[in-house]
Amino acid sequence: MISIVDTLPRATTDTLAPDLSSAGRSAAAEWPVVIVGASVAGLSVAEALRRHGYSGEIVMVDSADGFPGDRPPLSKAALFPAGETTVYDVVPAIRREALAMSCIFGAAATGVDRHARLLRLADGRSLAYSDLVIASGVRPRAFPGSNHREPIEGLHMLRTAADAGRLRAALARGGSIAIVGGGVLGLEVAATARGLGCEASVIEQTPAGLAAKLGATLAQRLLDLHRAHGVRLEFGVEAVGFEAGQSGSGRIEGLRLTDGRVVPASDILVAIGCRPNVEWLAKAGLDLSDGVVCDPFGMAVDHIWAAGDVARIPGLTEEGRRQEHKQNAIDHGRLVAANLLAARAGLPLKRLEAVPYFWTDQFDVKIQFAGAYSPAAREMVVPVEGREGAIAVRFEVEGRLIGAATWNAPKAMTQLRREIELACLPIDAPKESIS
Amino acid sequence: MKIKVEESWCVASGSCVLAAPKVFDQDENGVVILLQDRPAPELHASVRTAASVCPSAVISIEED
């Protein structure tokens, strides 16, 4: 289905023949900025373009039938009964409308002709672009061996509002859920399920789970919290398949582990990470080693940029690993918009200097993380005054603060984010350059 | 410029405080506190940055 909001820009007609002679090149600057992906990173690009005064056309393309909803609530508030009627927007509709974009929904991008500066769509149309922003995101990895194209009742993934709706219904029936994957998403859903009175099990193949992301101290605290709330944790063992249909219903009945045991469950959530949506770029001649590889300015190649979960942009504390976090998508979008306009104006580009940040809410605990974790870092636990049970953890390498995590200490985290920024910013880059 | 915040959707990231510490603060639970709703013009750019980096989009700005 193709639905078009606002007016179709002239460049979306398939009769437009790009002319990149010297006269054509100056005309190309008038072509729209085309953004593939209408979620956090794409919207952040569009908002920042307008904030910086760009008044040209913006065309947003997404294979979904509308703006994807906000994702952080999907594992939490959206799974409660009230989630059925609540709208979780990335930004309020009034802010989206102020962007005066043309949106092409239900249209998958299928390829890019870099030399003609054309984006190809599945319906055969081509969009000419002055600059192309790749914000096509990621999709959940499927359970090995399963075929998610033929949905099995009770086998879930969680990426969209529709996914959350199915999971919400399962939890409302009082189901018992087995979660494959002990990462942030899996543990958030386990906490939510317990909050709804459902049984929850988490199966994670690595023995230490989130220790490689949060450090050992908070990872252990988090697992203790889950155990205290009655979550069954099976770590260091792999899920190999599911039991279904023994009773003739075709429904999920349990999750089979490598050691032969079966965890009884009415529903299974597969939360074993995501893969970048880059297949459509296979012939574009970009470096696609786990996402779109960019320079520190967010540029993949001339006139092609990437932002959000799909993008690998080297930052202050990271060497350009993909980050699947909302704040990162916002920061990428701001960076790409500013640099896209700077490149047009012949001005110097700015490096990504935002400190990576994410949070997770589980039971009554807010965990926040900023910067980077490294197993080589010294991990130091610091008590937080005046808040019972709250702690902050500092990660230092050669005396330099590269990352920090907090447990129910949001104000301390704000200070730590500032401290990491100061510790990791190059000396010649004053703080004012971050905007 | 007039600023509004929707505290009930705040996720306590502190991103607004980092961007515009003269305009935003946090309570003990991290929830946004609006220090002034009509900031002076020299603060406007930082407030727009704060609104744009907020991960829960709870800061809205009415430009004069």
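Note on naming: letters A, B, ... go to the chains in the order of the sequence lines (proteins, then strands), and numbering restarts at 1 for each one.
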Colleague: Please look at B:Val58 and chain A and tell me whether the side chain, the backbone, both or neither of the residue comes under 4.5 angstrom of a heavy atom of that chain.
Modeller: neither

Colleague: Nearest 0.5 angstrom please: A:Thr406 OG1 to A:Leu218 CG, how far?
Modeller: 7.5 Å

Colleague: I need the A:Asp331 CG to A:Gln323 CD distance, nearest 0.5 Å.
Modeller: 10.0 Å

Colleague: Report which part of B:Asn29 has an atom under 4.5 Å of a heavy atom belonging to chain A: side chain, backbone, both, or neither.
Modeller: both

Colleague: With only heavy atoms counted, which part of B:Ile61 is less than 4.5 Å from chain A, the side chain, the backbone, both or neither?
Modeller: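 Neither part.
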
Colleague: Check whether B:Ser60 gets within reach of chain A through its side chain, its backbone, both or neither, counting any heavy atom under 4.5 Å.
Modeller: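 Neither part.
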
Colleague: Under 4.5 Å heavy-atom distance to chain B, tell me which part of A:Val40 shows up: side chain, backbone, both or neither.
Modeller: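 For A:Val40, there is no contact with chain B at all, as no heavy atom is under 4.5 Å.
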
Colleague: Could you tell me if A:Arg71 and A:Thr160 have a donor-acceptor pair between their side chains, going purely by distance under 3.5 Å?
Modeller: no

Colleague: Could you look at B:Ala50 and say if it's the side chain, the backbone, both or neither that has a heavy atom under 4.5 Å from chain A?
Modeller: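 Answer is neither: B:Ala50 stays 4.5 Å or more from chain A.
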
Colleague: Count the heavy-atom pairs under 4.5 Å between each of B:Ser13, B:Ala12, B:Gly14 and chain A, then report the option with the highest count.
Modeller: B:Ser13

Colleague: For A:Leu335 and A:Lys350, which heavy atoms make the closest approach, and how far apart are they?
Modeller: CD1-O, 3.4 Å

Colleague: Using 0.5 Å steps for rounding, measure from the CD1 atom of A:Ile391 to the CG atom of A:Asn408.
Modeller: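 Rounded to the nearest 0.5 Å, the CD1-CG separation comes to 10.0 Å.
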
Colleague: Heavy-atom pairs under 4.5 Å with chain A are the metric here; pick the option from B:Ala57, B:Ala45, B:Ser46 that has the most.
Modeller: B:Ala57

Colleague: Does some side-chain heavy atom of B:Phe24 sit less than 4.5 Å from a side-chain heavy atom of B:Val5?
Modeller: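 In contact.
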
Colleague: So that I can tick it off, tell me whether B:Lys2 and B:Asp37 are bridged by a salt bridge, with the cut-off set at under 4.0 angstrom between side-chain N and carboxylate O.
Modeller: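 Yes, charged N to carboxylate O under 4.0 Å.
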
Colleague: Which one of B:Cys54, B:Ser52, B:Ser56 has the most heavy-atom pairs closer than 4.5 Å to chain A?
Modeller: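 Of the candidates given, the most pairs with chain A belong to B:Ser52.
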
Colleague: Answer yes or no: is there an ion pair linking B:Glu63 with B:Arg48, defined by an N-O contact shorter than 4.0 Å?
Modeller: yes

Colleague: Checking an interface table here. Which of residues 357-368 of chain A come within a heavy-atom distance under 4.5 Å of chain B?
Modeller: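 So the qualifying residues are A:Tyr357, A:Trp359, A:Lys366, A:Gln368.
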
Colleague: Please identify which of these residues, A:Val336, A:Leu316, A:Ile313, meets the side-chain contact (heavy atoms from CB on, under 4.5 Å) condition with A:Leu352.
Modeller: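 Between A:Leu352 and the candidates, side-chain contact (heavy atoms from CB on, under 4.5 Å) is satisfied uniquely by A:Ile313.
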
Colleague: Check this for me, if you would: do B:Glu62 and B:Lys4 make a salt bridge, where the nitrogen-to-carboxylate-oxygen distance has to be below 4.0 angstrom?
Modeller: yes

Colleague: Hey, could you give me the CD/CD1 distance between A:Gln415 and A:Ile420, rounded to the nearest 0.5 Å?
Modeller: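 Here the rounded value is 11.5 Å.
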
Colleague: Mind ranking A:Glu47, A:Lys326, A:Arg95, A:Gln327 by heavy-atom pairs under 4.5 Å with chain B and telling me who comes out on top?
Modeller: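 Most heavy-atom pairs under 4.5 Å with chain B: A:Gln327.
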
